[in-house]
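Following: one structure in structure tokens, then a few remarks.
Just so it is clear, the values below take in all heavy atoms, side chains as well, and ignore hydrogens, waters and symmetry mates. Model, not experiment: these values are computed from the prediction.
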Amino acid sequence: MNLEMHQFKAEFFKALAHPLRIKILEILAEGDKSVNEIQSLIGSEGSTVSQQLTVLRGKNIVSGTKDGNRVIYSLQDPMIIELLAISRQIFNNHLVDTIMLLDKMKETE
């Protein structure tokens, strides 16, 4: 069971390991969007956005629902929003540590 969970986590984080995919998730955290809306907000080509959405869909991180001739994408699990917030906090913590280290270096000069 542990090996299966570790494998799931590794595959899950691998699916998140692209800046454009993170940006897409941040956009979807604000609400459901079509490919065209996502593309417009990112300022990227439709094919690039579609490729990244395919990866996220393949790992059940986002889901798509047909609405006429377009697909509306949404987060599969709202906890993704919390994960993004936690990763931002971890980033901020690293910045604080780096600033403190720089301040100490300045004091010793």
Side-chain angles (χ1 to χ4, degrees):
M1 180 67 167
N2 252 353
L3 181 59
E4 291 171 358
M5 180 56 70
H6 291 141
Q7 186 65 35
F8 169 81
K9 288 178 182 179
E11 293 297 321
F12 176 79
F13 283 112
K14 200 183 302 180
L16 299 181
H18 192 286
L20 187 54
R21 283 179 267 201
I22 297 297
K23 182 65 178 165
I24 290 169
L25 294 176
E26 289 173 342
I27 288 169
L28 292 177
E30 297 170 5
D32 300 352
K33 304 272 187 292
S34 70
V35 175
N36 289 338
E37 291 172 310
I38 296 168
Q39 176 184 338
S40 173
L41 290 166
I42 290 176
S44 184
E45 292 181 16
S47 62
T48 304
V49 170
S50 292
Q51 289 171 355
Q52 302 308 326
L53 284 166
T54 298
V55 172
L56 294 170
R57 264 182 104 163
K59 295 298 177 188
N60 294 317
I61 296 171
V62 301
S63 59
T65 307
K66 205 72 159 128
D67 180 28
N69 63 347
R70 61 188 193 147
V71 178
I72 304 299
Y73 284 92
S74 59
L75 296 176
Q76 187 73 13
D77 189 328
M79 289 190 73
I80 293 290
I81 297 168
E82 291 178 50
L83 180 64
L84 294 171
I86 290 168
S87 64
R88 179 181 297 271
Q89 186 59 49
I90 291 169
F91 174 78
N92 290 341
N93 292 345
H94 284 277
L95 282 179
V96 168
D97 291 344
T98 302
I99 290 169
M100 288 173 47
L101 179 62
L102 286 172
D103 288 344
K104 286 180 184 177
M105 289 173 62
K106 286 179 184 177
E107 289 174 5
T108 59
E109 289 179 352

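A distance-only check finds no donor-acceptor pair linking the side chain of Ser40 to the backbone of Asn36 [under 3.5 Å].
In summary, of the residues considered (Thr48, Val35, Val71), a side-chain contact (heavy atoms from CB on, under 4.5 Å) with Leu53 occurs for Val35 alone.
Remark: Leu101 CG to Met105 CE distance equals 6.0 Å, nearest 0.5 Å. Leu56 CG to His18 NE2: the interatomic distance, rounded to the nearest 0.5 Å, is 10.0 Å. Rounding to the nearest 0.5 angstrom, the gap separating the CD atom in Gln76 from the CG atom in Leu28 is 11.5 Å. Taken from CD1 in Ile80 to CG in Leu84, the straight-line distance is 6.5 Å, to the nearest 0.5 Å. Between Ser34 atom OG and Asn69 atom CG the span is 10.0 Å, to the nearest 0.5 Å. The line from CG of Leu25 to CD of Gln52 is 10.5 Å long, rounded to the nearest 0.5 Å.
For the pair Tyr73/Glu37, no side-chain contact is recorded, criterion being any heavy-atom separation below 4.5 Å from C-beta on. Residues Lys104 and Thr108 have side chains not in contact (no heavy-atom distance under 4.5 Å, counting atoms from C-beta outward). Contact annotation: the side chain of Met79 never approaches that of Leu83 to less than 4.5 Å [non-hydrogen atoms, C-beta and beyond]. Contact annotation: the side chain of Arg70 approaches that of Asp67 to within less than 4.5 Å [non-hydrogen atoms, C-beta and beyond].
Closest approach of Arg21 and Ala15 over heavy atoms only: CD-O, 3.1 Å. Nearest heavy atoms, Ser74 versus Asp32: CB-OD1, 2.9 Å.
Ion pair Lys14/Glu11 flagged as a salt bridge, since at least one NZ, NE, NH1 or NH2 atom sits closer than 4.0 Å to an Asp/Glu carboxylate oxygen.
Every residue two or more places apart in sequence or in another chain was checked for a side chain to side chain donor-acceptor pair (under 3.5 Å) with Gln51, and none qualifies. Residues that satisfy the side chain to side chain donor-acceptor pair (under 3.5 Å) test with Glu30, not counting sequence neighbours, are absent from this structure. Scanning for salt bridge (Lys or Arg N to Asp or Glu O under 4.0 Å) contacts around Glu82 gives an empty result, with sequence neighbours left out.
In the hydrophobic clustering of this structure, Ile72 does not group with Val62; members are Ile, Leu, Val, Met, Phe, Trp, Tyr whose side-chain heavy atoms approach within less than 4.5 Å, directly or through other members. Under a hydrophobic clustering in which Ile, Leu, Val, Met, Phe, Trp and Tyr are joined whenever their side-chain heavy atoms come within less than 4.5 Å, directly or via other members, Val55 and Val49 fall into different clusters.
Under a cut-off of 6.0 angstrom, the local environment of NZ in Lys23 is sparse, with at most 12 non-hydrogen atoms contributed by other residues, nucleotides or ligands.
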